[in-house]
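No hydrogens, no waters, no symmetry mates; every other heavy atom, side chains included, goes into these values. Order of the sequence lines sets the chain letters (A, B, ...), proteins ahead of strands, with each chain counted from 1.
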Amino acid sequence: MQTSAEGYLCTMALVQFRPEGFYVPAADVYIDPWRKVERAIITHGHADHSRWGHGSYVCSALSEPIIRHRLGKIKLNSYDYGDTFSVRGVKFSLIPAGHIVGSAQVRIEHKGEVWVISGDYKVEDDGISGAFEPVPCHTFISECTFGLPVYNWLPQKQVLSEINAWWRENQENGVTSVLTAYSLGKAQRLLAGLDTDIGPIFTHGAIEEMTQVIRRSGLSLPATRQLTDDVRKADLPLALVLTPPGATGTAWMRRFKKVSIASASGWMQLRGTRRRGSLDRGFVLSDHADWDGLNLAIQATGAENVYVTHGYTHVFARWLKSKGINAGVVETQFSNDGNEASDQLVSS
Amino acid sequence: MKRFAALVQALDETTKTNAKVSALATYFMTAPDRDKLWTIALLSHRRPRRTIKTSLMREWAAELAEVPLWLFEESYHVVGDLAETIALVLPKPSRESDTSLADWLALIQSWREKEDVVKKEEICHAWTSLNHRERFVFNKLITGGFRLGVSQKLMTRALAKATEIDESILAHRLMGDWSPQSTTFEELILSENPADALSKPYPFYLAYALDASLESLDPPGDWQAERKWDGIRGQVIKRAGSLFIWSRGEELMTDRFPELHAMAETLPDGVVVDGELLPYKEGRPMTFQHLQTRIGRKKVTKTILEKVPVVLVAYDLLEYGGADIRAKPLSERRSLLEDIVKKANVPSLLISELVPFGNWGVLTQERENSREHASEGIMLKRKDSPYLVGRKRGAWWKWKIDPLVIDAVMIYAQQGHGRRANLFTDYTFAVWSGDQLVPFAKAYSGLTDAEFQEITTFVRRNTLDRFGPVRSVKPHLVFEIAFEGIQASKRHKSGVALRFPRMSRWRKDKHPKEANTLEDLNAILALYG
Ligand SMILES: [Zn+2]
Ligand SMILES: [Zn+2]
C-alpha cells in the first residue's frame with residue numbers, strides 16, 4: 001500500500017480518494033460521494049452522506065424509505081444487511097453500523113483484498129439502529145467524530161433514565177420539557193427509550209414526519225402527536241416535546257409558559273457546549289462511537305491500514321500510528337460536526 | 001464534597017438568576033459552616049494560592065489515563081479547560097469518598113509543604129475516589145477559575161436569603177482582608193462586629209454605557225462631566241492613621257503603590273476616596289499597558305517606579321469624618337472632595353477635572369477630542385445623584401469614544417475551543433507593506449456562529465499550509481478590525497501592539513488589495529500611540 005501526501009492513494013488501490021468522494025475504480029462506483037456521480041452506494045440517510053443528483057443509488061433495505069423520502073424520485077436499489085452483490089466482479093455487502101436506522105458499513109472485496117468504509121457508526125447497540133458488526137479487513141476507513149479520549153459515553157440506559165427523571169421533575173413543577181434532538185436518528189432513539197407512562201410526547205413537524213417514515217420501515221415506536229395549535233395548553237406541562245435544535249430560538253417556542261430546554265448529543269460532554277447553548281440541561285447521548293468504541297472497533301477489524309474521516313482526524317491518526325497502525329487522514333466534505341449539524345439541514 | 005459538587009452542577013445547569021440564587025441559598029441553609037465559609041471565599045475571589053504545578057497535574061492525569069502527553073494536550077486544546085479535561089480523560093472511579101469540601105481544601109493547602117511524590121500519590125488517590133463531577137470540582141479547587149455565572153453580588157443575595165441578614169450589611173462584612181483560615185462563618189457572617197475592619201472599602205458604583213439620546217437627559221445643567229480614564233478603579237481609605245488601597249476587583253493593593261503612601265500623612269482620618277489608579281508621567285496619563293507592567297509584578301522596584309509612576313485621580317468621596325456620605329448628592333460630595341484633595345497637597349493625588357459644557361454640542365466636541373487627552377471618553381453624572389451600589393442605570397453614564405478601525409486581511413486561522421472546537425474562530429490579520437502582508441493582530445470575537453461556519457468552510461478549502469493547529473490560508477477575506485488603543489512594540493513584526501482588537505465587520509464588499517497598509521497603521525500610531 002502506497003500513499004502520497006494527504007493520504008491520496010496510488011492509482012492501483014481498490015479505493016481511491018477523489019474530489020467526488022470515495023471511488024472504487026474496478027467497479028466504477030462511489031461511496032457517499034459529495035459531487036454528482038453515475039453510481040453511488042450510500043451508507044445512511046444523513047444529508048452529508050446521501051446527496052441529491054446521482055445517476056443511481058444503492059443502500060440498505062432499512063435506509064430505503066428514508067432516502068426515498070429525502071431525495072424524492074431517484075433510481076434506487078436496496079439490499080438486506082449481509083447480502084453480497086457484485087459490480088463488474090467487485091463484491092459488495094452492507095453491514096450494520098449501529099449509527100441510525102438503516103445505517104451500514106460498506107464491505108468491498110476484490111481479488112482477495114478487503115476494504116471496509118464505516119460510514120458513521122457507534123458500538124453500543126441502541127435497540128433500533130442494528131448492532132455494529134466489526135468486519136475483518138485489510139483497510140478500514142473509519143469516522144472519528146469523537147476521536148479524543150475526553151469523549152466517553154455512559155451506557156444508554158443510564159442516560160435515558162436521567163432524561164426520564166428530568167421529565168418527571170419538570171412535570172411535578174408544571175414545567176414543559178423540551179428536548180432537542182436531530183430529526184433523523186436521535187429523535188427515534190429517544191422515542192424508543194422514553195418512559196411513556198410519564199405523559200404524552202409531542203413532536204415538532206420535522207420530527208413527526210421523519211418518524212412516520214421510519215415507522216413505515218417496520219420499526220415500532222411509541223405514539224407521538226405533532227404539536228399544533230389544537231393541542232390543549234393544559235396538556236403542555238405534562239408533556240415532553242421533541243424538537244430539532246433549530247426550533248428553540250423561534251416563535252414556535254412562545255407557546256410554552258414555563259419550559260426547561262435540554263439537548264441530547266455527544267457534544268454535550270463538554271461544559272462549554274452545554275453552557276453556551278443556553279440550555280437548562282445537556283444529556284450526553286451520541287450516535288457516534290466514543291473514544292473506547294473507536295479503538296475497539298478498529299482493533300476488531302484487524303486492519304493494517306486505517307484512514308480516518310470526520311472530526312479530530314489528524315490527532316486520531318497520530319494516535320493510531322503510535323499504536324503501530326498504518327494510519328492516514330482523508331479530507332472529506334462530510335460535515336465536521338458528524339451527522340448532527342448536517343441533519344439540521346434535513347429537518348429544518 | 002458531594003453537596004458542593006451538586007451545587008456546582010445546579011449552578012451550571014441554569015442560566016436563570018433566580019434558580020441560581022435559590023440553589024445557593026439552599027446550600028447555605030444546609031451545608032456545614034466550614035464548607036459554607038469556603039464556598040463564600042471561592043465565590044468572592046479568595047481562592048487560595050496554587051500549591052501544585054499544572055504541568056505536573058497534566059503529566060499525572062495522562063499517566064493515570066494511559067494516554068500520551070501530546071494527546072492529553074490536544075484534548076485540552078479542544079476542551080479549553082484543564083480541570084475539565086482531566087475529569088473527562090481519567091478512567092471511572094474505583095471507590096467513593098465522603099470527604100468534605102473543607103477537608104479537600106485542607107489537603108490541597110497541605111501540598112505547599114509536600115514533596116512531588118507525595119502530592120502525586122494523594123492527587124491520584126483523590127482522582128480515583130471521586131466521580132466525574134466531583135473530580136471536575138476538585139480540580140477547579142486546585143486550578144481556579146470556576147466561572148459559575150455567580151457574581152459576588154448574587155452570592156451575597158443568596159446568603160442574605162439564607163441568613164436573613166440585610167444584603168448590604170453582608171456585602172460590607174464580606175469585603176476586606178479575610179481568609180477561611182483566619183476566621184469562621186460565625187465570626188465573619190453572623191456576629192456583629194463594631195470594629196469592622198478598618199480596611200473595609202465600599203462597593204463600587206458603576207455606570208452603564210450611554211444608550212439614550214443626550215436630549216433625553218435635559219437640562220444639561222443637571223449633569224457634571226469628567227474624562228473617563230483607562231486605569232484601574234480603586235478606593236483609597238484613610239482610617240485611624242492607616243492607609244489602604246483597594247482595586248475594584250476587591251483586592252487590597254496598598255503595597256503595590258508606594259508612591260501613594262504620602263497621602264497617609266496629609267489626608268484626614270475617616271475618609272474614603274473613589275478614583276482611578278492611573279499611570280501618569282510628565283503631566284500626562286500613560287497607557288493601560290504601562291499600568292499592567294506595574295500590576296503584573298509582586299516586587300515594585302525603584303526602576304519601575306521611575307518608569308511608570310502611578311497617581312490616584314479622585315472621582316468621588318464616600319466617607320468623610322468617619323461618616324458614610326454616599327446618600328448625599330454628588331455636588332456636595334464633590335465640593336468636599338475638592339477641598340480634601342487641595343489640602344492633602346500630594347503630587348500622587350489629583351482631582352478628576354470637570355469638563356465644562358453649556359450645551360450638549362460642546363460636550364459632543366469634547367468627547368471627540370478624548371484621544372488627545374489620552375482618555376477613553378466622557379463620564380456623565382447627575383449632580384444630585386447619590387453613590388449607589390453596583391451597576392445602575394439612570395444617574396451615571398459612560399460615553400466612550402468609538403473604537404479605532406482598520407481593514408485587514410486574514411492570513412492564518414486556528415480552531416476554537418469548547419463549543420467552537422469544530423470551527424476556525426481564531427484569526428491572524430495582516431496589512432499591506434508593498435506587496436507583502438505583515439501580520440499585526442489576532443482576534444477571535446465579534447462574529448456570529450453562522451459567519452464562523454462560513455469562514456470555516458472557506459479555511460478548509462483554501463488552506464495553503466499547516467503549522468500544528470494553525471493553517472495559513474489564501475489572503476482573500478477582509479475584515480474591519482476595531483481596537484481601543486495602539487502602542488509601538490518591538491516584539492511584534494508590524495511594530496505595533498493593539499488593545500482589545502476584535503472583528504467589527506466582515507468586509508465582503510472589499511477586495512484584499514483594498515485593505516489598509518502598514519503606513520496607515522503607523523499613521524494611527526503617530527496620532528494616538
Ligand atoms: Zn457523517
Ligand atoms: Zn450520520
Side-chain angles (χ1 to χ4, degrees), chain A residues 5-6 19 145-155 166 173 175 249 258-262 265 267-284 290-292 295 310-312 314-316 318-323 329 331-338 340-341 344, chain B residues 8-16 19 61-62 65-81 83-92 131-133 136 140 146-149 415-424 449 453 456-457 459-461 463 466 468-469 471:
Chain A
E6 284 296 306
T145 307
F146 290 105
L148 288 177
V150 290
Y151 294 112
N152 280 300
W153 316 143
L154 291 171
W166 162 78
N173 297 321
V175 173
K258 289 206 282 180
V259 66
S260 175
I261 303 178
S265 148
W267 301 110
M268 291 298 125
Q269 177 84 333
L270 301 190
R271 187 172 177 241
T273 331
R274 294 196 298 270
R275 286 155 63 91
R276 272 165 276 179
S278 286
L279 297 163
D280 297 304
R281 282 296 288 270
F283 299 106
V284 185
D290 66 0
W291 172 256
D292 285 341
N295 281 291
H310 288 69
Y312 306 101
H314 286 84
V315 176
F316 196 66
R318 183 175 167 193
W319 159 253
L320 291 177
K321 279 183 211 155
S322 78
K323 307 284 275 182
V329 171
E331 296 278 354
T332 62
Q333 285 181 29
F334 300 132
S335 160
N336 214 32
D337 251 358
E340 316 201 320
Q344 288 182 50
Chain B
V8 170
Q9 186 183 351
L11 294 174
D12 234 6
E13 275 174 357
T14 180
T15 49
K16 297 178 183 102
E66 295 175 357
V67 299
L69 195 58
W70 68 262
L71 182 54
F72 180 87
E73 297 293 343
E74 290 283 358
S75 305
Y76 174 33
H77 177 79
V78 169
V79 177
D81 182 289
E84 189 184 357
T85 310
I86 294 175
L88 290 173
V89 91
L90 292 173
K92 292 189 180 68
N131 70 30
H132 158 236
R133 289 183 189 285
F136 167 69
K140 277 291 181 194
F146 258 115
R147 284 190 218 102
L148 291 171
Q415 287 187 345
H417 290 288
R419 181 175 65 104
R420 288 178 167 166
N422 293 295
L423 299 175
F424 284 87
D449 275 9
Q453 183 63 61
T456 296
T457 309
V459 169
R460 290 229 171 82
R461 298 200 174 144
T463 298
R466 285 169 196 272
R471 293 189 184 201

Quick one: CG on B:Leu71 to CZ on A:Arg318, what's the gap to the nearest 0.5 Å?
8.5 Å
Value rounded to 0.5 Å, distance of CG in B:Leu88 from NE2 in B:His132
4.0 Å
Counting only heavy atoms closer than 4.5 Å, note whether B:Phe72 contacts chain A via side chain, backbone, both or neither.
neither
Taking all heavy atoms of A:Ala262 and all of A:Phe283, pick out the closest pair and write down the distance.
CB-CE1, 3.6 Å
Contacting region of B:Glu13 [heavy-atom separation from chain A under 4.5 Å]
both
What I want to check is whether the side chains of A:Trp166 and A:Asp280 have a donor and an acceptor closer together than 3.5 Å.
no
For chain A, find which of B:Val89, B:Val67, B:Ile86 contributes the most heavy-atom pairs closer than 4.5 angstrom.
B:Val89
